[in-house]
J.: 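A single structure is presented below for examination.
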Amino acid sequence: MITNARVLQSEFVPNDVKHRPAEVSHLSDTLRPVTNGNRPEPSFLYGPSGAGKTCIARHTVEQLRENVVDLNTQYVNCWEEHTAFQTLYRVLDAVGNTHDIHRRSTPTDELVQRLREYDGPQYIVILDEVDQLEDKEILYDFYRIRNLSMILIANREEDVFSDFDGRLNSRLQTCIRIRFNQYSLDQLVTILEDRVQWGLEQGAIETQGLERIADHAAGDARIAIGLLRNAARQAVQQQTEQITDDVIDAVVSETKSEIRQKTTDKLTPHQQVLYDLITETDRIGAGNLYSAYCETVEDPKTRRTMRNHLSKLQQYNLITASGNTRNRTYSACG
DNA sequence: GATCCACAGGAATCCTCGGGGT
DNA sequence: ACCCCGAGGATTCCTGTGGATC
């Protein structure tokens with residue numbers, strides 16, 4: 001049934017991207033100056049999750065690498081590397097300048113300094129989930145590095161640009177903004193068809209089955225591909241040679257919670273507890289939440305810290321807050 | 001309308017961790 | 001073995017806000 005499991009991962013970047021032609025050409029036009037050794041303007045890709053931002057960015061950069069002899073590139077997920085130090089380290093790492101940098105004893109300023117001394121070929125850095133970057137000032141530092149250009153990726157425009165100060169804003173205001181909309185049902189089916197062709201035996205699933213998957217995914221390619229993968233696995237287990245509607249329906253809730261799990265895994269234990277408490281109730285105020293939290297955990301942090309955690313959870317789109325001051329309540333998203 | 005209360009979130013400060021230098 | 005340093009998390013302190021109460 002499964003002939004190539006790798007292409008059933010949503011992180012897999014295909015050589016050939018049939019969907020999103022407008023976005024691809026907009027981005028590659030923007031990056032074109034590197035082919036002449038010049039520095040492109042920074043670009044900013046935004047839109048809902050599973051809309052292909054990361055995939056298109058990586059794909060486009062990969063295409064460039066094949067055509068440009070001298071080009072450095074790096075991909076950084078700012079959720080995983082959310083401090084200025086970690087992000088800088090990654091960026092320096094790709095140009096091989098980190099051998100004597102130590103996590104605790106090298107000041108961040110020195111990393112910036114070292115990056116300023118960069119004198120190599122054009123360098124494209126993809127900063128994914130850039131809204132999760134704690135210290136956005138560092139984008140200003142990146143902007144001033146010779147031969148370094150950035151591709152920024154985030155869900156919402158305002159998450160990135162609202163907390164810039166004027167200086168940073170005026171610099172990055174000019175960046176090329178490319179909006180990604182949710183995939184339509186037909187586009188999702190096209191994406192899935194490719195994956196089926198590359199990764200499954202012929203006839204493993206009908207077009208009608210792909211439409212059913214696309215329907216469950218509601219425009220999110222990550223969910224769609226996850227569904228296809230889990231359905232194929234399930235079919236293998238059941239030793240059937242076709243992915244039926246029943247198989248698809250059976251893996252829907254499992255797949256969706258699997259994807260949600262991936263985000264909650266990145267939370268600290270205390271954030272996890274707060275998130276669980278909020279999901280257990282449909283809405284809860286700050287006072288009740290804090291006392292419930294104190295009962296659950298043996299070494300509770302202060303109220304202030306809880307508020308920091310709560311705003312983090314909001315940034316991650318796991319919870320929403322409604323109402324002001326005394327009447328504010330928190331509830332889980334989705 | 002004045003006052004109180006519960007809360008949000010900014011800023012300064014404290015605490016802890018882990019590696020380097022001596 | 002000891003101290004020192006910087007980062008990042010947590011805490012303390014604070015101001016601002018808006019509904020509740022008298």
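By convention in this document, chain letters (A, B, ...) are assigned in the order of the sequence lines, proteins followed by strands, and residues within each chain are numbered from 1.
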J.: How close or far is atom P of B:dA8 from atom CG of A:Asn308, stated in whole angstroms?
T.: 11 Å
J.: Output the rounded distance in Å from CD (A:Glu110) to P (B:dG19).
T.: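 For the pair A:Glu110 CD and B:dG19 P, the rounded distance is 18 Å.
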J.: With a non-hydrogen cut-off below 4.0 angstrom, is A:Thr108 in contact with a base, only sugar-phosphate, or nothing?
T.: sugar-phosphate
J.: Would you call A:Arg90 and A:Glu80 a salt bridge, using N to O less than 4.0 angstrom?
T.: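 A salt bridge is absent here (no side-chain N lies under 4.0 Å from a carboxylate O).
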J.: Please state how far atom CG in A:Asp299 lies from atom P in C:dG9, giving the value in whole angstrom units.
T.: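 In whole Å, C:dG9 P and A:Asp299 CG are 17 Å from each other.
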J.: Between C1' on C:dA7 and CG on A:Leu133, what's the gap in Å once rounded to a whole number?
T.: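 Rounding to the nearest Å, CG of A:Leu133 and C1' of C:dA7 are 15 Å apart.
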J.: Of the nucleotides C:dA10, C:dA7, B:dG9, which has the atom closest to the A:His309 side chain?
T.: C:dA10
J.: Once rounded to the nearest 0.5 Å, what's the spacing between atom CD of A:Gln272 and atom OG1 of A:Thr296?
T.: 12.5 Å
J.: Given A:Tyr123 and A:Asn147, is the side-chain contact (heavy atoms from CB on, under 4.5 Å) satisfied, shown in steps?
T.: CA-CA 6 Å; A:Tyr123 183 14; A:Asn147 288 357; 5.5 Å; no
J.: What's the CD-P distance between A:Glu81 and C:dA7, to the nearest Å?
T.: 17 Å
J.: For A:Thr87, run the side-chain contact (heavy atoms from CB on, under 4.5 Å) check against A:Leu133, A:Leu92, A:Asn77 and tell me which one passes.
T.: A:Leu133
J.: Whole angstroms only, please: what is the CE-P distance between A:Met306 and B:dA6?
T.: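 Between P of B:dA6 and CE of A:Met306: 14 Å.
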J.: Begin from the C-alpha positions of A:Gln261 and A:Asp265 and carry the test side-chain hydrogen bond (donor to acceptor under 3.5 Å, both in side chains) through to its verdict.
T.: CA-CA 6 Å; A:Gln261 186 68 35; A:Asp265 276 352; 2.9 Å; yes
J.: Which listed nucleotide (B:dC7, C:dA10, C:dG6) is nearest to the side chain of A:Pro107?
T.: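 In terms of side-chain proximity for A:Pro107, the closest of B:dC7, C:dA10, C:dG6 is C:dG6.
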J.: Between A:Arg212 and A:Glu206, does any NZ, NE, NH1 or NH2 come within less than 4.0 Å of an OD or OE carboxylate oxygen?
T.: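 No salt bridge links A:Glu206 with A:Arg212.
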J.: Could you please spell out the steps behind the side-chain hydrogen bond (donor to acceptor under 3.5 Å, both in side chains) verdict for A:Thr305 and A:Thr302?
T.: CA-CA 5 Å; A:Thr305 301; A:Thr302 56; 3.1 Å; yes
J.: For A:Tyr290 and C:dT11, give me the distance from atom OH to atom C1', rounded to whole Å.
T.: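 Going from A:Tyr290 (OH) to C:dT11 (C1'), I get 11 Å.
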J.: Please verify the inter-ring angle class for A:His309 with A:His270; under 30° counts as parallel, over 60° as perpendicular, anything in between as tilted.
T.: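 Ring orientation of A:His309 relative to A:His270: parallel.
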J.: Please list each protein N or O that sits under 3.5 Å from an N or O in nucleotides 13-16 of chain C, with the distance.
T.:
none

J.: For nucleotides 3-5 of chain B, which of its nitrogen or oxygen atoms have a protein nitrogen or oxygen under 3.5 Å away, and what is each distance?
T.:
{"residue": "B:dC5", "atom": "O2", "partner": "A:Arg326", "partner atom": "NH1", "Å": "3.1"}

J.: Between C:dT12 atom C1' and A:Lys301 atom NZ, what is the distance in whole Å?
T.: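 Computing the A:Lys301:NZ to C:dT12:C1' distance gives 15 Å.
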J.: Side-chain N or O of A:Thr83 less than 4.0 angstrom from OP1 or OP2 on C:dG8?
T.: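 Result: yes.
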J.: For the residue pair A:Tyr293 and A:Tyr290, categorise the inter-ring angle as parallel (less than 30°), tilted (30 to 60°) or perpendicular (more than 60°).
T.: tilted
J.: Of the options C:dT11, C:dG19, C:dG8, whose atoms approach the side-chain atoms of A:Asn327 most closely?
T.: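 Given the options C:dT11, C:dG19, C:dG8, the side chain of A:Asn327 is closest to C:dG19.
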J.: For A:Tyr330, report the nucleic acid contact type (base, sugar-phosphate, nothing); a contact means any heavy atom under 4.0 Å.
T.: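 Contact class for A:Tyr330: sugar-phosphate only.
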J.: Please classify the nucleic acid contact of A:His82 as base, sugar-phosphate, or nothing, using heavy-atom distances under 4.0 Å.
T.: sugar-phosphate
J.: Counting only heavy atoms not in A:Lys262, do more than 12 fall under 6.0 Å of its NZ?
T.: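 Not buried by this count: 12 neighbours or fewer within 6.0 Å.
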